[in-house]
Every structure is written in structure tokens, then in C-alpha cells.
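As the structure is a prediction and not an experimental result, all values here were calculated from the model. We use all heavy atoms of the structure for the numbers below, so side chains are in, but hydrogens, waters and symmetry mates are not.
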Amino acid sequence: MEIKVRTQVGNFLIKCLESCTQFLKTYCLTMALRQRLYLVLLCITVIGSLFKELLPLPDSYLNNKRNFLNVYFVKVAWAWTFWLLLPFIAITTFYLTRNQKEVLRRLSTLLIGTIIWYVCTRFFMFIENLTGSCYTSEALQDLKEEHENKKACVMGGGVWYGFDISGHSFLLPYCILMIVEETAVVHELKLQKNQYIHIIVSALFVALGILALIWVWMFFCTAIYFHDIYQKLFGTAFGLLAWYGTYQAWYLHPISPGRPPQGSYLKSKQHSYRL
């Protein structure tokens with residue numbers, strides 16, 4: 001009896017997983033959406049920023065930096081993206097190519113992404129330090145000239161004010177676009193013959209889809225609640241350029257990590273993105 005119940009529960013969960021997979025493939029990973037997603041993200045930044053400037057919303061749980069999604073997801077956004085994409089890229093690439101070297105080559109996209117994340121965030125910190133000053137309070141009236149960088153200022157009880165390029169506006173669009181690029185291979189996979197691989201890949205795909213939706217929501221919250229419009233525009237521009245410079249330029253060349261494996265579906269739908 002117990003075995004039968006477990007089997008029924010297992011079959012139900014597999015059906016739910018397949019339904020979620022089919023929904024995401026049909027409505028959230030279409031070619032039309034992939035072609036226009038960067039425009040959608042740019043519009044979110046512009047419209048959300050204008051809304052913040054012209055019709056600022058009252059404080060809520062969403063603009064509390066200690067809210068659950070911000071603390072446990074956005075603060076470690078690259079870690080979530082990295083560790084979910086790693087097995088997904090490895091499994092799908094090997095299944096489609098049967099080539100271990102190709103798997104390693106494709107996984108290097110995560111190394112490139114890590115370098116981009118690190119360099120850009122350090123650059124943003126450099127700009128904030130270069131353009132900022134230390135004040136005694138948020139009123140920004142009295143300077144504390146003894147502190148020359150943000151770290152020393154904050155440790156000394158001051159408030160640092162400089163041009164703070166939005167790290168969230170940079171990283172979240174980059175993660176969203178990277179997830180969409182990498183998960184497009186599901187249209188080529190025919191995994192029904194191997195049930196265990198099918199379940200694993202479907203679970204990773206659904207997890208990545210949910211993660212991308214969380215990133216979109218938090219990106220929207222950033223647009224309507226945080227930073228000024230120029231800080232968000234610069235951050236978003238860096239995120240879009242990071243995606244375009246890799247997936248739409250460098251990765252098209254042989255000496256690169258390459259784009260996800262191209263099969264009959266992707267070849268028939270091949271399209272050159274233009275910014």
C-alpha cells in the first residue's frame with residue numbers, strides 16, 4: 001500500500017513538472033520573446049524610473065532591503081544563476097553533442113560570466129568612490145573630510161554619497177538574458193527515452209524559469225523603488241552590453257565558449273539580434 005501511494009505521488013509530481021515545463025516552453029521561451037527581451041528589460045528600467053520620479057510609491061515591504069527575496073536571492077543572484085546553470089549546461093550539452101570537450105567549452109561561459117560580474121561590480125565601486133564624499137548624516141550637509149572612500153566613511157559612522165551605479169540593474173538583466181539563452185536548447189531535447197535524465201533536466205529547467213521570473217520581479221522593484229534614473233540606466237546598459245558582447249558577438253566566433261548547441265529547431269529559427 002505504501003509503495004503504491006509513493007508511486008502515485010511520484011507520478012503526480014512528474015506530471016506537474018511536465019506541465020510546468022510545457023508552460024514555460026510555450027509561453028515564456030518563445031522566439032519572439034527572446035528577440036525582444038532586452039527591449040522589455042530596458043522599458044522596465046525607463047518606465048519604472050519615471051514612475052519613481054513622478055509618482056513615488058509609499059514605503060512597503062518591497063522596498064525594504066531586508067525583505068526575503070532581496071536577502072536570500074538578489075544579494076546572491078549570481079550564485080543562484082551559476083549553480084543552477086552549471087548542471088543544466090553540462091547535461092544538455094553532453095546529451096546533444098556527446099563531446100566532453102564541448103561540455104567544458106560551454107561551461108566556460110559561467111567563468112566568463114563570473115569575470116564580468118566581478119569586474120563590473122568592482123568598477124561600480126570605483127566610480128562611487130571616485131565621485132563621492134563622506135557626510136555626517138543623510139541630510140548631506142556637513143562633510144567628514146578625513147574619510148576618502150566609502151568603506152572608511154561607513155566604518156566611521158558617516159554617510160557616503162556618490163554616483164552609485166545600480167548593481168541590481170546590471171546583474172539581474174544579465175542573469176535573465178543568460179538563462180533565456182542557455183535554456184533555449186530545451187526545444188531540441190528529446191528525453192522521453194531516458195526518464196531519469198528527463199526528470200533532472202525538466203526540474204532544472206523549471207527551477208531556472210522560476211528564478212528568471214524572480215529576477216524580473218526584483219528588477220521591476222529596483223526600477224520603481226531604488227536609485228535615480230541615471231544610476232539604473234547605466235546599470236542596465238552594462239547588463240545588456242555584457243549579454244550582447246558575449247552571446248550576440250564573441251560567442252558566434254569559433255574561438256569562444258560558443259552558444260548553446262544548435263539543432264534543427266534552433267537553426268530553422270536562427271535570427272540575428274540587433275540593438
Side-chain angles (χ1 to χ4, degrees), residues 17 21 24-25 28-31 33-35 37-38 41 76-120 170-194 196-213 215 238-273 275:
L17 188 62
T21 300
L24 290 171
K25 287 171 63 176
C28 301
L29 199 62
T30 63
M31 183 60 66
L33 177 63
R34 290 177 59 209
Q35 292 172 1
L37 184 55
Y38 71 93
L41 296 172
V76 285
W78 181 245
W80 277 104
T81 305
F82 182 100
W83 290 112
L84 282 176
L85 277 177
L86 191 149
F88 182 86
I89 293 173
I91 294 171
T92 55
T93 302
F94 184 75
Y95 185 85
L96 289 171
T97 67
R98 304 296 178 178
N99 188 324
Q100 294 180 358
K101 290 183 178 179
E102 182 66 17
V103 173
L104 293 176
R105 187 168 78 99
R106 292 264 38 259
L107 285 176
S108 67
T109 57
L110 297 175
L111 175 61
I112 299 300
T114 301
I115 293 172
I116 290 173
W117 162 73
Y118 181 82
V119 170
C120 287
F170 150 69
L171 185 58
L172 294 177
Y174 182 55
C175 288
I176 293 164
L177 290 164
M178 190 172 184
I179 289 172
V180 169
E181 292 284 358
E182 294 296 341
T183 54
V185 296
V186 297
H187 290 294
E188 270 306 298
L189 296 172
K190 307 296 181 184
L191 298 171
Q192 290 78 4
K193 295 180 180 180
N194 192 323
Y196 293 108
I197 293 180
H198 173 65
I199 293 172
I200 292 171
V201 170
S202 296
L204 287 169
F205 174 66
V206 171
L208 284 164
I210 293 172
L211 191 67
L213 292 175
W215 294 162
F238 272 91
L240 297 183
L241 286 172
W243 158 74
Y244 187 81
T246 51
Y247 283 91
Q248 306 307 321
W250 180 27
Y251 291 179
L252 299 178
H253 296 280
I255 304 177
S256 75
R259 289 173 56 82
Q262 303 286 299
S264 57
Y265 174 88
L266 295 179
K267 285 181 180 179
S268 67
K269 301 290 184 180
Q270 193 171 16
H271 181 83
S272 295
Y273 293 75
L275 282 176

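With values rounded to the nearest 0.5 angstrom, T93 atom OG1 is found 6.5 Å from L107 atom CG. For the atom pair CD1 (I210) and CZ (F205), the distance works out to 10.5 Å, reported to the nearest 0.5 Å. To the nearest 0.5 Å, atoms NE2 (H187) and NZ (K25) are separated by 7.0 Å. Note that the CD atom of Q35 and the CG atom of L37 stand 11.5 Å from one another [nearest 0.5 Å]. Once rounded to the nearest 0.5 Å, the distance linking CD1 of I116 with CG of L241 reads 10.5 Å. Interatomic distance, CG of L24 versus OG1 of T30, reported as 11.5 Å (0.5 Å rounding).
Using a distance-only test at 3.5 Å, with no hydrogens or angles considered, a donor-acceptor pair links the side chain of R259 to the main chain of Y247.
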Going through the checks in order, is the side chain to side chain contact (heavy atoms under 4.5 Å, CB included) test met by V186 and F88? CA-CA 10 Å; V186 297; F88 182 86; 3.7 Å; yes

Would I91 and L204 count as a side chain to side chain contact (heavy atoms under 4.5 Å, CB included) here? Give the steps. CA-CA 10 Å; I91 294 171; L204 287 169; 4.2 Å; yes

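Counting heavy atoms from C-beta on, the side chains of L240 and L177 come closer than 4.5 Å. T109 has its side chain within reach of E182: a pair of non-hydrogen atoms, C-beta onward, lies under 4.5 Å apart. No side-chain heavy atom of W243 sits less than 4.5 Å from a side-chain heavy atom of M178. P261 is not listed as a side-chain neighbour of T92, based on a closest heavy-atom distance of 4.5 Å or more. Residues Y95 and V201 form no side-chain contact, since every pair of their non-hydrogen atoms from C-beta on lies 4.5 Å or further apart. Side-chain contact between V185 and L96 is present, with at least one heavy-atom pair separated by less than 4.5 Å. For the pair W250/P257, a side-chain contact is recorded, criterion being any heavy-atom separation below 4.5 Å from C-beta on.
Of all heavy-atom pairs spanning C175 and T81, the tightest one is SG-OG1, 3.3 Å. Nearest heavy atom pair, residue I176 against residue W215, reads CG1-CB, 3.5 Å. The two residues I179 and L208 make their nearest non-hydrogen contact at CG2-O, 3.8 Å. The minimum heavy-atom distance between L29 and T183, with the atom names listed, is CD2-O, 3.3 Å. Shown here for A77 and L171, the closest heavy-atom pair between the two residues is CB-CD2, 3.9 Å. Nearest heavy atom pair, residue A242 against residue T246, reads O-OG1, 2.7 Å.
Partners of T97 according to the side chain to side chain donor-acceptor pair (under 3.5 Å) rule, which considers only residues two or more places apart in sequence or in another chain, do not exist here.
For W78, the CH2 atom counts as densely surrounded, since its 6.0 Å shell holds more than 12 non-hydrogen atoms of other residues, nucleotides or ligands.
Between F170 and Y174, the two ring planes are parallel [angle under 30°; tilted spans 30° to 60°].
Here the options are R98, R105, R106, Q100, the test is side chain to side chain donor-acceptor pair (under 3.5 Å), and the partner is E102; only R105 passes.
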